[in-house]
Amino acid sequence: YLKLEFLNIPERLNLIYKLACPISSASSLRGYFGETIYSRFIEDMLVNKFRDFADSVNPEWFLRKLKKRGRSRIFLSERLGYLSGSFDLFLDRIVENLKNNSCTIQTDSSVEKIIKSNNHFIVKINGKEEEFDRIIFTIPPDEISSLIYQLNPEYADKIKKLKYMSNITTLLYTKKNLTDFYWVNIADRNIGLTGIISQSNFVKYNSAGFFTYISIYLPEKHSLLTKDETEIFQYVMTELGKMNINLTNNEILDHRITITRYAQPLYFSNRDLILNSLKTPIKYIYIINSHSILPEDRGLNNIIIKARNLSETIESQN
């Protein structure tokens with residue numbers, strides 16, 4: 001940060017202080033950082049992630065994110081943990097424990113309808129009706145809304161209004177390393193990428209190539225989300241070229257593209273915290289998804305904490 005030439009020395013020091021020791025809340029990020037720092041540094045990062053919503057995002061979300069990152073450091077040293085073998089190991093163990101406790105997991109199944117019957121629910125799954133005493137939704141708000149509308153139209157309408165960003169992630173496996181850094185947030189609205197995450201700069205793999213994630217956040221109805229993988233890949237290569245990151249076909253060993261429709265919940269006001277309590281007005285129906293974590297930023301750590309809270313809530317209601 002001391003090398004940022006577009007800020008003078010006092011502004012650089014002010015930026016470092018406010019990033020390292022953020023307050024809990026502010027009426028606006030422009031007021032908190034000051035006009036120069038905000039317009040030359042913060043604003044473009046927000047635009048690259050939130051697009052048209054950049055000016056509407058609640059400052060509390062951003063400041064909480066800074067505070068969390070600040071707590072991960074000891075002086076200038078970053079403390080980061082990564083599960084060796086990926087988070088799949090954690091999920092696999094959960095599945096194993098569930099099956100060992102006689103739980104049934106149905107995949108590739110469509111929930112078509114939910115009807116309340118006394119203190120039970122009749123759920124139509126793949127054309128077949130089954131009875132359950134509790135329902136926990138972990139899917140996007142708009143999908144939940146359509147399933148519970150008959151049970152509570154007013155509540156269904158409220159959660160249907162919740163907004164979120166979608167994401168396209170391109171995982172590149174290349175002969176050369178694309179950056180010297182682990183995580184790069186792109187603060188240039190002329191570049192249509194949100195971030196470049198070099199996993200190989202964080203975790204050392206016994207491989208000949210380098211793994212890099214290219215992240216793009218988009219509004220849920222953005223046209224790029226409808227493109228095929230070839231078009232998306234070409235778009236990513238073009239945008240990387242704007243950063244002087246140019247790759248030949250021989251330098252790209254492999255790649256994968258993942259589209260996540262419900263990726264980043266949007267937090268504008270207290271109205272968007274409606275799922276934070278986990279419980280719903282419909283007795284024995286619960287919701288836990290990325291909106292449940294607000295005002296904290298989404299993340300696997302936060303969702304695990306919320307899941308534990310939900311488990312305790314259900315236990316107390318038995």
Side-chain angles (χ1 to χ4, degrees), residues 87-88 90-166 220-221 260-318:
F87 218 78
D88 268 353
F90 180 82
L91 300 177
D92 289 344
R93 183 56 62 87
I94 289 178
V95 170
E96 180 184 333
N97 287 340
L98 287 171
K99 289 182 176 179
N100 288 341
N101 284 280
S102 302
C103 294
T104 301
I105 301 174
Q106 294 181 223
T107 57
D108 298 319
S109 298
S110 175
V111 177
E112 299 157 8
K113 192 175 183 180
I114 297 174
I115 301 171
K116 199 169 193 306
S117 176
N118 296 321
N119 285 330
H120 293 81
F121 300 94
I122 307 300
V123 182
K124 191 174 182 180
I125 306 171
N126 292 343
K128 179 183 176 182
E129 291 187 347
E130 299 189 41
E131 188 175 290
F132 298 93
D133 57 1
R134 303 285 189 277
I135 292 176
I136 302 172
F137 285 110
T138 64
I139 56 180
D142 51 347
E143 295 179 19
I144 299 173
S145 176
S146 63
L147 287 169
I148 67 170
Y149 188 82
Q150 297 298 325
L151 303 177
N152 191 318
E154 183 181 356
Y155 182 70
D157 283 338
K158 285 181 180 179
I159 64 174
K160 190 174 183 178
K161 293 176 182 177
L162 297 173
K163 301 295 183 183
Y164 53 87
M165 301 290 290
S166 297
E220 56 183 298
K221 295 182 180 179
T260 305
R261 295 287 175 174
Y262 178 47
Q264 173 69 56
L266 292 171
Y267 174 34
F268 305 124
S269 67
N270 287 340
R271 185 186 64 185
D272 301 307
L273 304 179
I274 187 172
L275 301 184
N276 193 268
S277 68
L278 305 177
K279 294 189 290 185
T280 72
I282 308 167
K283 191 174 182 180
Y284 300 135
I285 286 185
Y286 310 88
I287 299 174
I288 178 170
N289 58 24
S290 293
H291 265 90
S292 306
I293 302 170
L294 293 175
E296 297 290 345
D297 188 26
R298 65 179 180 80
L300 292 172
N301 287 351
N302 285 332
I303 203 70
I304 290 171
I305 293 170
K306 276 289 183 180
R308 183 179 292 142
N309 293 342
L310 177 57
S311 176
E312 293 168 353
T313 299
I314 295 174
E315 285 284 342
S316 67
Q317 292 186 334
N318 285 338

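Positions are given from 1 along the sequence. What you see is a predicted model; the values in this text were computed from it and never measured.
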What heavy-atom pair brings Ile287 and Ser292 nearest, and what distance separates the two atoms?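 Smallest heavy-atom distance, with atoms named: O-OG, 3.5 Å.
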
Taking all atoms of both residues into account, what is the closest heavy-atom pair of Val111 and Ile114, and its distance?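 Distance-wise, the nearest heavy atoms are CG1-CG1, 4.3 Å.
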
All side-chain contact (heavy atoms from CB on, under 4.5 Å) counterparts of [X], not counting sequence neighbours:
X	value
Ile115	Lys113, Ile122
Lys158	Glu154, Ile274
Asn309	Leu278, Ile305, Lys306, Glu312
Thr104	Gln106

Using the ring-ring contact (aromatic ring centres under 6.0 Å, His included) criterion, which residues pair with Phe268? Sequence neighbours excluded.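 For Phe268 the ring-ring contact (aromatic ring centres under 6.0 Å, His included) partners, ignoring immediate neighbours, are Phe53.
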
With Phe90, which residues qualify under ring-ring contact (aromatic ring centres under 6.0 Å, His included), at least two apart?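 Partners of Phe90 by the ring-ring contact (aromatic ring centres under 6.0 Å, His included) criterion, ordered by chain and then number, come out as Phe87.
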
Mind checking the [atom1]-[atom2] spacing from [X] to [Y]? Nearest 0.5 Å is all I need.
X	Y	atom1	atom2	result
Leu300	Leu91	CG	CG	8.0 Å
Asn289	Tyr262	CG	OH	3.5 Å
Leu275	Ile288	CG	CD1	10.5 Å
Asn301	Glu296	CG	CD	11.5 Å
Met165	Gln264	CE	CD	8.0 Å
Ser311	Tyr286	OG	OH	10.5 Å

Would you say CD of Glu131 has more than 12 non-hydrogen atoms from neighbouring residues, nucleotides or ligands within 6.0 angstrom?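 Correct, the count exceeds 12.
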
With a 3.5 Å cut-off and sequence neighbours excluded, list the donor-acceptor pairs that the side chains of residues 141-152 form with protein atoms.
| from | atom 1 | to | atom 2 | distance (Å) |
| --- | --- | --- | --- | --- |
| Asp142 | OD1 | Tyr164 | OH | 3.4 |
| Asp142 | OD2 | Tyr164 | OH | 3.1 |
| Ser145 | OG | Ala156 | O | 2.7 |
| Ser146 | OG | Glu143 | O | 2.9 |
| Asn152 | OD1 | Tyr155 | N | 3.0 |

Main-chain N/O of [Y] paired to [X] side chain as donor or acceptor, under 3.5 Å:
X	Y	value
Lys124	Asn126	no
Thr280	Ile282	yes
Asp133	His120	no
Asn302	Asp297	yes
His291	Lys163	yes

Can you list everything that forms a salt bridge (charged side-chain N to carboxylate O under 4.0 Å, His left out) with Arg271? Sequence neighbours excluded, please.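 Here no residue qualifies.
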
Non-neighbouring partners of Glu96 that pass salt bridge (charged side-chain N to carboxylate O under 4.0 Å, His left out), sequence neighbours left out: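 Once residues adjacent in sequence are excluded, the partners of Glu96 under the salt bridge (charged side-chain N to carboxylate O under 4.0 Å, His left out) criterion are Arg93.
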
Flag side-chain contact, heavy atom, 4.5 Å: Ile159 against Phe137: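 Answer no - side chains too far apart.
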
Report the residues that fulfil side chain to side chain donor-acceptor pair (under 3.5 Å) with Asp272, sequence neighbours left out, ordered by chain and then residue number.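 For Asp272, no residue satisfies side chain to side chain donor-acceptor pair (under 3.5 Å) once neighbours in sequence are set aside.
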
Among all residues two or more places apart in sequence or in another chain, which pass the side chain to side chain donor-acceptor pair (under 3.5 Å) test with Arg134?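 Expected list: Asn318.
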
Hey, could you give me each pair passing salt bridge (charged side-chain N to carboxylate O under 4.0 Å, His left out) that has a residue in residues 274-283? Not counting sequence neighbours.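 The answer is none; no pair qualifies.
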
